[in-house]
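A short worksheet on the structure shown next.
In listed order, ligands and their atoms are each counted from 1. In what follows, every heavy atom counts, from backbone to side chain, and hydrogens, waters and symmetry copies are set aside.
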Amino acid sequence: MDLQYKFPEGFWWGSATSATQIEGAANEEGKGKNIWDYWYSIESNRFFENIGPEITSDFYHKYEEDIKLMKEIGHNSFRLSISWSRLIPGGRGNINLEAVKFYNNVIDQLLANDIEPILNLFHFDMPLELQNEGGWENREVVEAYKVYASECFRLFGDRVKTWFTFNEPIVPVEGGYLYNFHYPNVVDFKRAAQVAYNTILAHVKAVESFRTFNIEKGKIGIILNLTPSYPRSQNSADLEAANIADLFFNRSFLDPAVLGQYPQELICILEKYGQLPITQKEDLELIKNNTVDLLGVNYYQPRRVKAKENLPNPYSPFMPEWFFDNYEMPGRKMNPYRGWEIYEKGIYDIMINLKKNYGNIESFVSENGLGVENEERFIKDSYIQDDYRIEFIKEHLKWLHKAIEKECNVKGYHLWTFMDNWSWTNAYKNRYGFVSVDINTKKRTFKKSAYWFKEIANNNGF
Ligand code: BGP
């Protein structure tokens with residue numbers, strides 16, 4: 001077949017999800033509580049239509065059916081996360097054998113369907129007991145994570161080759177310690193910096209442990225939401241604003257994870273404002289020696305910034321926004337439901353940056369997707385005709401293809417997400433899946449995009 005956009009041999013076609021967003025069974029078979037279970041129990045009003053994480057898509061009971069559906073639409077790979085509080089209730093100590101059984105079954109089912117399981121160890125879901133000890137602010141929790149990660153490598157490493165330590169580790173920093181959209185709802189930059197730093201420590205300790213398992217063809221990486229920072233203009237003040245935003249939101253994780261060191265400029269800013277985290281001397285060696293094999297890139301939207309209009313109030317809490325203002329570019333294309341700009345070329349710019357400045361590290365698009373409200377509006381012939389999603393994916397893939405033509409080392413594309421799932425405080429407001437899920441009956445139905453994706457996965461292009 002003559003394809004205009006042909007992708008490299010072995011390209012990953014699939015989708016991504018996370019434990020808390022699909023498993024449900026939040027209080028079943030020995031699972032401990034995580035911060036989402038707890039936060040919902042004390043403040044359910046913070047969640048769209050008061051819906052919490054206890055049932056979600058019920059993957060815990062329906063995984064067999066779901067994996068069959070994945071196979072049906074051409075998935076050759078699927079990324080999911082392990083729920084730490086399910087595997088090790090309380091965060092440390094005994095392993096929950098029911099959880100081991102569940103994850104073993106999921107992995108085996110995926111393999112039996114020729115779908116490569118890609119496992120992520122942490123997707124925003126800190127066990128409650130460990131959060132009560134200070135979460136990522138506490139180095140003891142870093143040690144507990146290392147033990148948890150090692151248990152996962154030991155239990156599942158015979159079959160799972162591709163591992164990720166964290167998904168979007170900056171989000172719990174932003175949500176939990178700066179902007180109040182995750183528990184524990186703290187607003188304190190210095191604590192946020194400690195959380196970010198300790199997360200990197202947890203990450204490198206997991207990488208270090210992973211290497212000792214000598215998993216055949218095993219690779220380990222981190223998944224980052226890389227959000228390119230575009231300046232309003234080429235004026236030097238706008239450029240500097242974009243540079244600083246990039247340091248805070250991208251390079252704070254990208255540089256240590258891939259290059260093994262923090263950007264000096266970022267250290268200088270934090271030092272100047274008295275915001276540096278507490279560190280130990282030996283940490284630097286550890287960070288340097290445990291860089292990743294591959295990178296997951298989550299991309300939804302660009303960040304546009306401009307030089308500040310007004311000086312920040314020096315008595316207000318220190319924030320990244322002391323150095324830039326967000327910029328609403330006239331004429332930008334928007335996803336009005338999520339309030340995010342759609343800028344397809346961003347995916348190309350990210351890959352070119354990885355090629356130029358990060359040794360062309362192997363990467364893949366680990367999340368990209370379009371959340372839409374009230375998709376039932378688009379039902380025709382009893383399924384959702386989501387042409388807007390097909391368009392969205394296609395336009396991103398074209399730019400990804402262009403990056404590959406420029407020799408960027410891109411290995412795959414995963415949509416967020418396989419089936420409509422529970423989106424944290426947005427609960428079921430925006431739907432992202434190839435498969436719609438009736439939130440009452442849990443019935444699954446393919447959307448039009450699922451059939452379309454099957455074609456491109458089977459043809460390895462379009
Ligand atoms: C990413 C997360 C996902 C997912 C997605 C969509 O940041 O890794 O967990 O939820 O964004 O965003 P949202 O659910 O907030 O609409």
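- At least one N or O atom of N167, backbone or side chain, sits closer than 3.5 Å to an N or O atom of ligand 1.
- Not one N or O of N426 is nearer than 3.5 Å to an N or O of ligand 1, by distance alone.
- With a 6.0 Å cutoff to the six-membered ring centre and a 45° limit on the axis angle, R46 does not count as a cation-pi contact of Y183.
- Not one N or O of W340 is nearer than 3.5 Å to an N or O of ligand 1, by distance alone.
- Not a single heavy atom of N430 sits under 4.0 Å from any atom of ligand 1.
- Inspection of the S366 and H414 side chains reveals no N or O donor paired with an N or O acceptor under 3.5 Å.
- Of the listed residues (E168, Q21, R338, H123), the one carrying the non-hydrogen atom nearest atom 15 (O) of ligand 1 is R338.
- Look at E23 and R86 and you find a salt bridge, because one of the NZ, NE, NH1 or NH2 atoms lies within 4.0 Å of a carboxylate O, short of that distance.
- Inspection of the T162 and E116 side chains reveals an N or O donor paired with an N or O acceptor under 3.5 Å.
- Counting only N and O atoms by type, the side chains of N374 and R431 include no donor and acceptor under 3.5 Å apart.
- Between E367 and ligand 1, at least one N/O pair is under 3.5 Å apart.
- For atom 14 (O) of ligand 1, the closest non-hydrogen atom of the protein is S423 OG, 2.7 Å.
- Contacts with ligand 1 closer than 4.0 Å are made by no heavy atom of V171, backbone or side chain.
- At a threshold of 4.0 Å, the pair D387-K447 does not count as salt-bridged, since none of the basic side-chain nitrogens sits closer than that to a carboxylate oxygen.
- Of the protein's non-hydrogen atoms, Y432 OH, 2.5 Å is the one closest to atom 16 (O) of ligand 1.
- When E133, E143, E151 are each tested for a salt bridge (charged side-chain N to carboxylate O under 4.0 Å, His left out) with R92, only one passes: E133.
- When the heavy-atom distances from atom 5 (C) of ligand 1 to F181, Y337, Y300 are ranked, the shortest goes to Y300.
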